Amino acid sequence: MITLLAAGASPSTPSRPRSSNSSSLRPRRVRTVPSSPSKQAPGTAGSGTAKWRGRRRKVDEEQGVGGGGGDGGECVPSMEEASISVGTLYQNGDPLGRKELGRCVVEWLRQGMRSMASKFAAAEMEGDLAAAALALEWGSAEGRLGFVIQAQPYLSAIPMPQGLEALCLKACTHYPTLFDHFQRELRDVLLSYQNQGLISDWRATQSWRVLKELANSSQHRAAVRRTSPRPKAVHSSIGISLKKVRLTQARIEEFVSHMSDLLRIERDVELEFTQEELNATPILDDDSEPPKPVEYLVSHGQAQQEQCDTICNLNVISSSTGLGGLHLVLFRVEGGHKLPPTTLSPGDMVCVRTCNSRGEGATSCKQGIVYNFGEDGCSITVALESRHGDATFSRLFGKSVRIDRIQGLADALTYERNLEALMLLQRNGLQKDNISIGVVATLFGDSKDLVKLAKNNLTDWDELGGPDLSLSERYAYDASQLRALKLGLNKKRPVLIIQGPPGTGKTILLTELIVRAVKQGERVLVTAPSNAAVDNMVESLSSTGLNIVRVGNPVRVSPSVASKSLGEIVNGRLRQFRKELERKRTDLRKDLRQCIEDDSLAAGIRQLLKQLGRDLENKEKETIKEVLSNAQVVLSTNTGAADPLIRRTGCFDLVIIDEAGQATEPACWIPILQGKRCILAGDDCQLAPVILSRKALDGGLGKSLLERASSLHDGLLTTSLTVQYRMHDSIAMWASKEMYHGLLRSSRSVTSHLLADSPVVKATWITRCPLLLLDTRMPYGALNIGCKEHLDPAGTGSFYNEGEADIVTQQVLNLVHCGVSPTAIAVQSPYIAQVQLLREKLEGLSAVEVSTIDSFQGREADAVIISMVRSNPLGAVGFLGDSRRINVAITRARKHVTVVCDTSTICHSTFLARLLRHIRRYGQVKHVAPGSLDGVSGLGFSQPTLPSIS
Ligand SMILES: Nc1ncnc2c1ncn2[C@@H]1O[C@H](COP(=O)(O)OP(=O)(O)OP(=O)(O)O)[C@@H](O)[C@H]1O
């Protein structure tokens with residue numbers, strides 16, 4: 001097989017047996033497939049056992065591998081095939097497929113690539129180092145050429161179809177086409193090995209891995225791009241000259257190509273993390289490598305910090321299909337035991353895999369989401385991402401299974417949907433039949449194009465005239481809110497960006513916009529990057545009386561808005577039909593039992609039962625369609641908007657994306673391309689999209705469309721909300737100065753509101769204080785005992801701080817003693833290990849919400865307590881250095897913020913040092929040790945003497 005690698009060398013050179021280097025292959029000696037090039041000198045003949053040879057031949061026969069003597073040479077081209085023009089070959093389709101090349105040429109390529117793939121795979125079975133060498137060869141800058149050269153002998157060993165030689169010659173140098181065929185053939189060859197029991201998992205073979213590595217390499221992508229087809233011709237359909245449209249198209253293509261690369265890079269890192277998580281063992285032994293701090297690995301967000309939770313020794317009991325094709329699988333603990341105590345809950349992402357008696361899991365797994373727990377305490381139902389009849393799934397039957405909670409499983413569907421949206425943007429963006437052409441032209445055109453669009457009466461950037469929008473039932477809108485409303489209701493404005501700092505009323509404004517847009521006859525699609533943000537909008541819209549439908553995986557939809565979910569609505573409508581159907585089924589089953597002797601009657605009854613199943617399926621489809629087409633507002637996540645159920649109901653007049661600052665741009669294009677115009681609301685000074693790969697982040701994947709569009713066309717697309725209705729002015733002042741250039745003003749209704757204003761809250765120095773700093777470092781510089789940071793021993797890379805957790809707990813108790821309702825208190829930390837510790841400590845006060853900062857974005861609470869965690873002599877602040885995250889944390893508070901931290905560590909970040917200075921100036925500072933703030937003894941509601949920190 002090594003000979004395969006040397007460019008120009010004949011693949012027929014005999015391959016020598018070598019020591020095995022593949023763990024995934026069972027050590028068997030095999031013989032190279034007697035395919036066409038090796039027909040001249042297979043070389044390896046006789047090295048396999050007779051049994052293997054027999055089997056192998058059978059496989060080859062089944063798959064039509066048989067060298068040049070196959071039907072490739074006998075294929076007679078049809079008139080149509082013979083008329084395919086060689087000159088236009090590379091302009092259409094990539095890789096070149098059946099339509100472009102014709103059946104005979106495709107068959108010729110297939111056979112050639114099949115023999116090359118067979119040889120490649122067989123070499124690995126013999127322990128050849130071919131795979132690695134191939135990777136080297138193909139991965140080089142000239143890899144494309146190397147691959148094409150190596151393919152030639154295999155192709156030339158097969159007679160070209162007569163009359164199509166020119167096409168064959170051209171096609172056999174087209175790298176993407178060859179590679180595509182090779183990849184498909186290799187997959188088939190490996191699959192056949194697996195079916196024959198020669199290998200256990202074809203995807204785990206080195207040959208396949210090497211090929212995938214190559215497919216993901218930048219050289220490969222660059223090579224494919226170079227030979228990529230031109231997109232559809234663009235038209236001057238928007239009143240702009242063809243030349244300008246072409247320029248815009250070129251910009252779109254450049255963007256799409258760049259973003260696709262970044263998405264692939266991000267996906268690779270996600271897969272790596274997923275594998276690491278799957279391999280992770282919760283307890284580290286002494287010899288283990290010390291865990292890496294999360295900041296080292298992750299740039300944003302809380303990804304990968306969660307500890308896995310596992311349930312072992314489960315058996316598959318049954319499976320059923322839930323609404324929308326969900327594959328629900330019921331697992332029960334072996335031997336009828338109860339489930340162990342678990343932190344798993346419905347909606348958690350899990351991986352399901354077989355395990356041995358010691359609970360050690362297999363490498364391959366199925367992704368899924370916990371659906372529910374059985375009332376018997378012994379069972380758990382998981383919605384698996386697989387279909388009935390899926391071979392990987394059926395392998396779980398009769399085996400011991402384990403379920404692990406995983407935070408960041410790479411999500412193949414999201415990746416594919418993002419790529420698909422980019423592809424649609426490139427292909428259809430500027431096509432005249434694209435409903436969102438105005439949006440595309442605005443976001444990729446230059447300012448002159450926009451003037452032209454307006455001149456041609458295709459767009460209008462002004463506010464909507466007419467009705468007095470300030471007359472709202474619920475709120476008196478301020479000037480900036482009114483402007484946003486009027487711009488948002490202008491049907492001729494293709495894009496509106498609403499920049500809204502914290503508490504400026506984005507949620508209520510969007511609700512008002514949606515209500516009024518529906519009134520003016522528009523059908524609206526509302527999306528957001530997370531399920532929580534979508535549910536937030538559903539909640540806000542629930543009281544408006546609009547016909548709204550929430551589409552999404554039922555296990556991901558919050559129970560509070562479940563009544564608006566597609567599943568619940570459809571189930572409600574089908575209840576009577578199902579009841580009736582069930583009654584008919586029971587009758588038929590009874591009849592079936594009685595006519596066991598009469599075969600023909602039994603067969604008839606079985607047919608009827610099947611028909612009932614089909615009837616239900618059809619009725620379900622019909623109802624889903626009806627519900628969605630009648631909905632005035634459809635809500636889903638950005639990626640969820642790619643759901644065919646939504647796509648099939650036709651286009652929308654208006655697309656609204658909430659929390660758009662947290663979404664990647666490719667994800668935003670999924671909903672945008674389904675509507676005539678779009679509104680993006682968010683704040684680019686709050687949390688950005690979560691990106692794992694540093695390279696993808698630096699390349700720009702972390703920059704949201706909201707951020708990019710805000711700087712386009714001299715700010716023409718953007719309007720800002722400037723008055724906040726949430727925070728006490730001392731809190732808002734900091735945010736305004738640090739993050740919003742001093743432009744954020746406070747509504748008079750909130751400037752001086754305090755916890756003590758409530759009649760049920762005692763007036764104490766704490767409840768009268770809007771900003772409080774609890775410093776774990778004493779004025780003379782010593783750190784209080786127990787207040788040092790620790791790396792999570794579970795190996796998650798997260799940090800915790802026991803002393804701070806005690807102080808936070810005491811502070812919560814203090815507030816509760818003062819009469820503050822636990823539901824009005826929120827505790828936040830950037831570190832999940834600290835959040836878990838705090839949840840344990842505050843177990844008795846479950847109404848107090850304890851969460852990471854990231855998951856609290858978009859929400860608010862009267863009192864917020866933040867545990868900063870970091871305390872180290874180096875002054876490393878990690879995540880805390882991200883000003884957006886701290887902005888979110890502080891601005892969740894309405895009346896009171898307590899920051900618990902070690903000031904000597906925190907002040908190493910100039911941004912955080914300014915926050916500390918602000919609290920010292922406008923709030924209060926107290927040096928505390930765990931226990932010193934005790935809920936009963938230390939509370940002493942009198943004002944303590946506050947030593948200054950200098
Ligand atoms: N015009 C108004 N009059 C009175 N209250 C208002 C007005 N606009 C917004 N609010 C109030 O301000 C608070 C914050 O509003 P909302 O949650 O919509 O802000 P947001 O911009 O979405 O904040 P964030 O970005 O932090 O999530 C809410 O309690 C809301 O009722």
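As the structure is a prediction and not an experimental result, all values here were calculated from the model. Every number for a ligand or one of its atoms is a count from 1 in the order of the listing.
- Here the heavy atom of the protein found nearest to atom 29 (O) of ligand 1 is E860 OE2, 3.2 Å.
- The residues E860 and R726 are annotated as salt-bridged, a charged nitrogen and a carboxylate oxygen being separated by less than 4.0 angstrom.
- Contact annotation: for R859 versus ligand 1, there are no heavy atoms closer than 4.0 Å.
- Interface atoms of ligand 1 facing R892, defined by a heavy-atom separation under 4.0 Å, are 24 (P), 26 (O), 27 (O).
- For ligand 1, the atoms closer than 4.0 angstrom to any heavy atom of R726 are 14 (C), 17 (O), 19 (O), 23 (O), 24 (P), 26 (O), 27 (O).
- Remark: R870 does not engage D902 in a salt bridge, criterion side-chain N to carboxylate O under 4.0 Å.
- Residue A476 has at least one N or O atom closer than 3.5 Å to an N or O atom of ligand 1.
- Between E659 and K506 there is no salt bridge, since no side-chain N of the basic residue sits under 4.0 Å from a carboxylate O of the acidic one.
- Looking from atom 31 (O) of ligand 1 to the surrounding protein, the closest heavy atom is Y475 OH, 3.0 Å.
- Which parts of ligand 1 touch I508 is read off a 4.0 Å heavy-atom cut-off, strictly below it: atoms 7 (C), 8 (N), 9 (C), 18 (O).
- The existence of a salt bridge linking R917 and E738 is excluded, since no basic side-chain nitrogen approaches an acidic carboxylate oxygen closer than 4.0 Å.
- One finds a salt bridge joining E522 and R677 here, because a Lys/Arg side-chain nitrogen approaches an Asp/Glu carboxylate oxygen to under 4.0 Å.
- The closest protein non-hydrogen atom to atom 10 (N) of ligand 1 is Y725 CB, 3.4 Å.
- For ligand 1, the polar-atom distance check finds an N/O of K506 within less than 3.5 Å of one of the ligand's N/O atoms.
- In this structure, Q724 has no heavy atom closer than 4.0 Å to ligand 1.
- Checked against a 6.0 Å centroid threshold, the rings of Y831 and Y800 do not count as neighbours.
- Between R708 and E665 there is a salt bridge, since at least one side-chain N of the basic residue sits less than 4.0 Å from a carboxylate O of the acidic one.
- Protein heavy atom closest to atom 22 (O) of ligand 1, with residue, atom name and distance, is T507 OG1, 3.0 Å.
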- Message: Pair D535, R550 - check salt bridge (charged side-chain N to carboxylate O under 4.0 Å, His left out), show working.
- Response: CA-CA 8 Å; D535 290 344; R550 161 76 157 104; 2.8 Å; yes

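- E512 has a carboxylate O that lies under 4.0 Å from a charged side-chain N of R516, or vice versa, which qualifies the two as a salt bridge.
- Counting only heavy atoms of the protein, atom 27 (O) of ligand 1 lies nearest to G858 CA, 3.3 Å.
- Geometric assessment of R523 against the ring of F652 yields a positive cation-pi assignment under the 6.0 Å and 45° thresholds.
- By the criterion of a heavy-atom distance under 4.0 Å, neither the backbone nor the side chain of Q857 is placed next to ligand 1.
- Near T504, the atoms of ligand 1 lying under 4.0 angstrom from a non-hydrogen atom of the residue are 19 (O), 21 (O).
- Inclusion of Y477 in the set of residues having an N or O under 3.5 Å from an N or O of ligand 1 is not warranted.
- Considering backbone and side-chain atoms alike, G505 places an N or O below 3.5 Å from some N or O of ligand 1.
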